[in-house]
Asker: 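Structure incoming, see below.
Note on naming: letters A, B, ... go to the chains in the order of the sequence lines (proteins, then strands), and numbering restarts at 1 for each one.
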Amino acid sequence: MAEMVFQRTKGLQDRPFHYCPGCTHGIIHRLVAEVLEELGVLDKAIGVAPVGCSVFAYDYFNCDMQEAAHGRAPAVATGIKRVHPDKVVFTYQGDGDLASIGTAEIVHAAMRGEKITTIFVNNAIYGMTGGQMAPTTLVGQKATTSPFGRDKNHAGSPIRMSEMLATLEGPAYIERVTVTTPAHIRKAKKAIRKAFEAQIEGKGFTMIEVLSTCPTNWGMSPVEALRWLEENMIPYYPLGVYKASEEVK
Amino acid sequence: MAKVLMKGNEAIGAAAIKAGCKFFFGYPITPQSELPEYMAREMPKAGATFLQAESEVAAINMVYGAAGAGARVMTSSSSPGISLKQEGISYIAGAELPCVIVNIIRGGPGLGGIQPAQSDYFQATKGGGHGDYKMVVLAPASVQELTDLLMEGFDIADQYRNPVMIIGDGMLGQMMEPVELREPKKRNLPPKDWATTGTGGRGHTNVINSLFIDPAECEKHNLKLKAKFDEMEKNEKKYEIYNCDNPDIIVAAYGTTSRIVKTAIDKCKDEGINVGLIRPISLWPFPYEVFEEYADRAKAFLSVEMSLGQMVEDVKLGVNGKKPVYFYGRTGGMVPVPDDIVAEIKKILGGAK
């Protein structure tokens, strides 16, 4: 009899992703789902989907889900967690959602130390709406609303959310990871697991920022996009742990 | 329970706690700040949670999350803050979540002022947020009625899985009146088996959502909501008929304005003019039929509001061209006085003779 060596995590529904070829949302979804399954909390997890490319996350994660208005996921998650403090609550948000329209909500959820986990997928562009400039778009990077490349004097320099939130007392754990290689993927999963564990232990707000690719709107092949991320995004958004409270260390 | 003297804003809080409201998310704004202050003080004693949000936008989205998680939840604000909440209210209606929203209306537009007004009537009853949705809007005229309607409002929200708005103004929020917290008539409330509580042993996932990317699906969802709104229209109309047996003219007024109108009615009586009052208590659903029915009894109608003329449009729809409909209002926080209303009535009747 054949031995089962791999199967879809129970954390994901049996549905094909709508993501573009080469987009790393699929990998990140799987990592979150695997962690929830491995921690044995799928039946007590409540996720919040954002507005953006991962708007249909509620169709993919195999747990209770709420779909939030653009940027408001941390406020929605706050409402859920306050009602169910014993449940595992997470938001899954892109950079337009979290770092632009939802900055107030993420900053204050972090400030309050809401015991939730935020998965922040940063691909330096608005994907769903067709490749507009995001607050995370790199200086010089072309987007449909920065057709000549982002001009620092006109649109400012990109925002580093992990660094910014790490200045607050509320967060228990903040780490920036990526998923461009199997080694990075393993590290990303470890970080996501650590964040959920810290939430379950009631230690405070946790966020894992995942640098991600958008081959479609960057106008690159999936492989080119992975290399571009490593060569351009990581230098500006260095990987690493930005906040680990004494209890989490 | 014996009657106690309570300030309107605090009575809202006491009634909400009595009605089993376990979560309040709010943001300070005049003239309703006594309510979040009361909740911050009193909710912990009742095993309930008060949380001050970073903005009205965040507060209404916390309400969305908590309502979606199955809790009895409310928020409150005043006009500019309610404008900020409109995004969330539309999502709450779209995702079919029950909650109670209190608007202690102040003068507008913009930052306006902090004195009493009724100029958010359109916003409350005609949408406010985007999309095809309705919510029950209740307008009490006394602190007692405020607590009665607030407590019933939670049941209405739960029955239909829809937001309910209670509107008042700074006068109602600040005035002290004797009040007795009374349980509303018992309704058959459906279980919240749709709430996101973690799947537990449920065997399926629950999803709270207002996104229907396929237009055919979105239309289907809207029609489902419409059927619900039709039920509300059928079941939830509330109004008071006052002195309408043999009136020369019928005044339409709601909330605190209706009390000023009652004083004007007494003054008119002294001068031999018989004035009736139709007081819509539910501004949506609006009691159109009542106006049509009473159109045969009066020479004319006068809508008196603390606005530049908003409810008057619904009064006209109700009267349906049978009689002339006039308007008198003060705005920006100015309050109509009985003598001016009497003068307006005389002017109309003089002209109608």
Asker: Quick check on B:Lys22: does its NZ atom have over 12 non-hydrogen neighbours (other residues, nucleotides or ligands) under 6.0 Å away?
Answerer: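 Yes, the 6.0 Å shell around NZ holds more than 12 heavy atoms from other groups.
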Asker: What closest approach, in Å, do A:Ala104 and B:Glu54 show between heavy atoms, and which atom pair accounts for it?
Answerer: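 Closest heavy-atom pair between A:Ala104 and B:Glu54: O-OE2, 3.5 Å.
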Asker: Would one find more than 12 heavy atoms of other residues, nucleotides or ligands at under 6.0 Å from atom NZ of B:Lys45?
Answerer: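 Yes - once you tally the heavy atoms of other residues, nucleotides and ligands closer than 6.0 Å, there are more than 12.
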Asker: Do any of residues 156-176 of chain A come closer than 4.5 Å to chain B, heavy atom to heavy atom, and if so which ones, in number order?
Answerer: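 Counting heavy atoms that sit under 4.5 Å from chain B, no residue of residues 156-176 of chain A is involved.
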Asker: For chain B, which candidate among A:Cys63, A:Ala77, A:Pro74 shows the most heavy-atom pairs at distances under 4.5 Å?
Answerer: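 Heavy-atom pair counts peak at A:Cys63.
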Asker: Under 4.5 Å from any heavy atom of chain A, what part of B:Leu51 do you find: side chain, backbone, both or neither?
Answerer: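 The side chain, not the backbone.
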Asker: Using 0.5 Å steps for rounding, measure from the OH atom of A:Tyr58 to the OG1 atom of B:Thr205.
Answerer: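 Nearest 0.5 Å value for the OH-OG1 distance: 11.5 Å.
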Asker: Could you pull out the closest heavy-atom pair between A:Ala75 and B:Asn61, with the gap in Å?
Answerer: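 Result for this residue pair: CB-CB, 3.8 Å.
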Asker: Could you give all pairs that pass the salt bridge (Lys or Arg N to Asp or Glu O under 4.0 Å) test and reach residues 197-209 of chain B, with sequence neighbours left out?
Answerer: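 As it turns out, the salt bridge (Lys or Arg N to Asp or Glu O under 4.0 Å) pairs with a partner in residues 197-209 of chain B, which skip direct neighbours, are A:Asp64-B:Arg202.
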Asker: Quick check: do A:Glu105 and B:Val57 have side-chain heavy atoms less than 4.5 Å from each other?
Answerer: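 Yes, close enough: below the 4.5 Å cut-off.
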Asker: Would you say CG of B:Asn222 has more than 12 non-hydrogen atoms from neighbouring residues, nucleotides or ligands within 6.0 angstrom?
Answerer: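 Counting neighbours around CG of B:Asn222, more than 12 heavy atoms of other residues, nucleotides or ligands fall under 6.0 Å, so yes.
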Asker: Considering only heavy atoms and a distance below 4.5 Å, find which of A:His70, A:Lys44, A:His84 pairs most often with chain B.
Answerer: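 Highest number of pairs under 4.5 Å: A:His84.
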Asker: How far does CE of B:Met62 sit from CD of A:Glu114, to the nearest 0.5 angstrom?
Answerer: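 If I round to the nearest 0.5 Å, the distance is 6.5 Å.
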Asker: What pair of heavy atoms forms the shortest contact from B:Ala71 to A:Val83, and how long is it?
Answerer: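 Closest approach of B:Ala71 to A:Val83: CB-CG2, 3.6 Å.
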Asker: Against chain A, label B:Ser90 side chain, backbone, both or neither, depending on which of its atoms sit under 4.5 Å from a heavy atom there.
Answerer: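 Contact with chain A is absent: no heavy atom of B:Ser90 under 4.5 Å.
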Asker: Would you say that more than 12 heavy atoms from the other residues, nucleotides or ligands in this model lie under 6.0 Å from the CZ of B:Arg72, or not?
Answerer: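 Yes, the 6.0 Å shell around CZ holds more than 12 heavy atoms from other groups.
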Asker: Looking at CZ of A:Arg72 and CD1 of B:Ile60, how far apart are the two atoms once the value is rounded to the nearest 0.5 Å?
Answerer: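 With rounding to 0.5 Å, CZ (A:Arg72) is 12.0 Å from CD1 (B:Ile60).
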Asker: With a 4.5 angstrom heavy-atom cut-off, which part of A:Asp59 approaches chain B: side chain, backbone, both or neither?
Answerer: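 Neither part; nothing is under 4.5 Å.
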Asker: For B:Phe23, which atoms come within 4.5 Å of any heavy atom of chain A: side chain, backbone, both, or neither?
Answerer: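 B:Phe23 touches chain A through side-chain heavy atoms alone.
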Asker: Please say whether more than 12 non-hydrogen atoms of neighbouring residues, nucleotides or ligands are located less than 6.0 Å from NZ in B:Lys226.
Answerer: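 Not buried by this count: 12 neighbours or fewer within 6.0 Å.
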Asker: If the test is side chain to side chain contact (heavy atoms under 4.5 Å, CB included), which one of A:Glu67, A:Met65, A:Gln66 qualifies with B:Asn209?
Answerer: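 Single pass found, and it is A:Glu67.
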Asker: Using heavy-atom distances under 4.5 Å, tell me whether A:Ala69 contacts chain B through its side chain, its backbone, both, or neither.
Answerer: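 Both parts, backbone and side chain.
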Asker: Please indicate whether B:Ile114 has more than 12 foreign heavy atoms, meaning atoms of other residues, nucleotides or ligands, lying under 6.0 Å from its CD1.
Answerer: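 Not buried by this count: 12 neighbours or fewer within 6.0 Å.
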Asker: Is chain A contacted by the side chain of B:Ala195, its backbone, both, or neither, given a heavy-atom distance below 4.5 Å?
Answerer: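 For B:Ala195, backbone heavy atoms alone lie under 4.5 Å from chain A.
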Asker: If you count heavy atoms of other groups shown closer than 6.0 angstrom to OH of B:Tyr27, is the number above 12?
Answerer: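 Result for OH/B:Tyr27: open.
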